[in-house]
Amino acid sequence: EAGVAQSPRYKIIEKRQSVAFWCNPISGHATLYWYQQILGQGPKLLIQFQNNGVVDDSQLPKDRFSAERLKGVDSTLKIQPAKLEDSAVYLCASSSPGLGPGEQYFGPGTRLTVT
Amino acid sequence: AQSVTQLGSHVSVSEGALVLLRCNYSSSVPPYLFWYVQYPNQGLQLLLKYTSAATLVKGINGFEAEFKKSETSFHLTKPSAHMSDAAEYFCAVSDIGGTSYGKLTFGQGTILTVHP
């Protein structure tokens with residue numbers, strides 16, 4: 001079974017530029033999560049999708065971050081414009097009801113450096 | 001609101017020694033608790049989970065954790081450390097109801113170093 005795929009793995013941009021990250025969850029997983037992991041901290045949930053609908057985006061900085069999951073499968077997270085404090089690893093995870101609450105499968109992440 | 005505190009951002013042990021990583025939680029309802037492990041340049045991987053059944057939970061790679069409600073703790077242990085255990089470990093608590101079903105709140109992580 002293929003795991004959660006993310007791309008790119010690394011990205012370096014200058015502040016005020018835009019960037020997009022892509023995630024392909026495990027086949028059949030209806031729930032998709034995006035996390036931000038700043039160095040030295042635990043992952044923080046940015047947004048949770050159930051199929052193509054948003055369940056929780058309370059911690060997404062909506063003035064600069066956006067995310068979509070148009071067909072209920074792949075998802076894209078965008079930052080526009082980026083700030084220095086956005087430097088972090090962005091993790092995508094997926095889950096299905098049969099796994100029980102909290103059991104999630106994570107991708108390898110995208111490491112973003114904003115200079 | 002739920003929260004998790006991991007005591008000690010870095011733990012160093014010798015190979016073969018006991019591993020003890022500490023986690024305390026705060027939750028208004030009986031929690032589901034988790035330990036995830038993150039190896040360098042990889043995503044998080046589930047190590048073990050507590051879901052209100054047995055209080056002593058066994059996970060992969062010889063790790064186990066004990067849920068102690070009176071102490072609001074869920075410490076992770078392994079009797080004998082191996083070099084391959086070097087990684088960052090995260091304790092997490094999950095929402096089990098409402099619109100945030102399955103949402104994880106993580107602690108800040110503990111980096112485990114294993115010396116030969």
Side-chain angles (χ1 to χ4, degrees), chain A residues 1-10 21 23-26 29-51 53-60 88-111, chain B residues 1-10 21 23 25 27 29-53 57 59-60 65 67 74 87-111:
Chain A
E1 177 182 79
V4 177
Q6 290 188 247
S7 68
R9 291 295 311 276
Y10 305 90
F21 313 127
C23 172
N24 182 241
I26 290 174
H29 281 195
T31 310
L32 186 147
Y33 309 83
W34 283 102
Y35 291 88
Q36 180 191 57
Q37 185 179 14
I38 293 173
L39 186 65
Q41 300 181 20
K44 182 186 80 172
L45 180 68
L46 293 175
I47 188 167
Q48 176 183 348
F49 290 95
Q50 182 70 24
N51 296 307
V54 175
V55 173
D56 184 351
D57 63 356
S58 58
Q59 297 197 77
L60 187 73
V89 176
Y90 290 85
L91 296 166
C92 179
S94 69
S95 183
S96 70
L99 293 174
E103 187 169 347
Q104 300 174 14
Y105 286 80
F106 285 79
T110 297
R111 183 177 299 276
Chain B
Q2 297 175 314
S3 66
V4 172
T5 302
Q6 292 182 238
L7 301 175
S9 58
H10 290 82
L21 305 183
C23 172
Y25 69 91
S27 176
V29 297
Y32 278 24
L33 293 162
F34 303 81
W35 277 98
Y36 279 83
V37 59
Q38 186 175 32
Y39 297 101
N41 297 315
Q42 296 185 27
L44 280 72
Q45 176 184 358
L46 181 65
L47 203 54
L48 50 79
K49 62 181 179 181
Y50 166 77
T51 58
S52 73
V57 180
I60 62 173
F67 172 70
F74 190 57
E88 189 163 15
Y89 293 79
F90 293 93
C91 183
V93 61
S94 177
D95 283 357
I96 60 173
T99 57
S100 294
Y101 178 90
K103 172 185 173 181
L104 285 168
T105 300
F106 287 91
Q108 78 275 24
T110 298
I111 296 173

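Letters A, B, ... mirror the listed sequences (proteins, then strands); counts begin at 1.
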### Task
Measure up the B:F74 and B:Y50 rings against each other and bin them: parallel (under 30°), tilted (30 to 60°), perpendicular (over 60°).
tilted

### Query
Side chain, backbone, both or neither: which part of B:Q6 has a heavy atom under 4.5 Å from chain A?
neither

### Message
Taking side chain as everything from C-beta outward and backbone as N, CA, C, O, which of these in A:Q6 sits under 4.5 Å from a heavy atom of chain B? Side chain, backbone, both or neither.
### Response
neither

### Task
Scan for salt bridge (Lys or Arg N to Asp or Glu O under 4.0 Å) pairs involving residues 39-51 of chain B, sequence neighbours excluded, and state none if there are none.
A:E103-B:K49

### Query
Do the ring planes of B:F67 and B:Y25 sit parallel (below 30°), tilted (30 to 60°) or perpendicular (above 60°)?
parallel

### Which of B:V93, B:N41, B:L33, B:L44 touches chain A most, by non-hydrogen pairs under 4.5 Å
B:L44

#### Entry: Interatomic distance, A:L91 atom CG to A:R111 atom CZ [nearest 0.5 angstrom]
9.5 Å

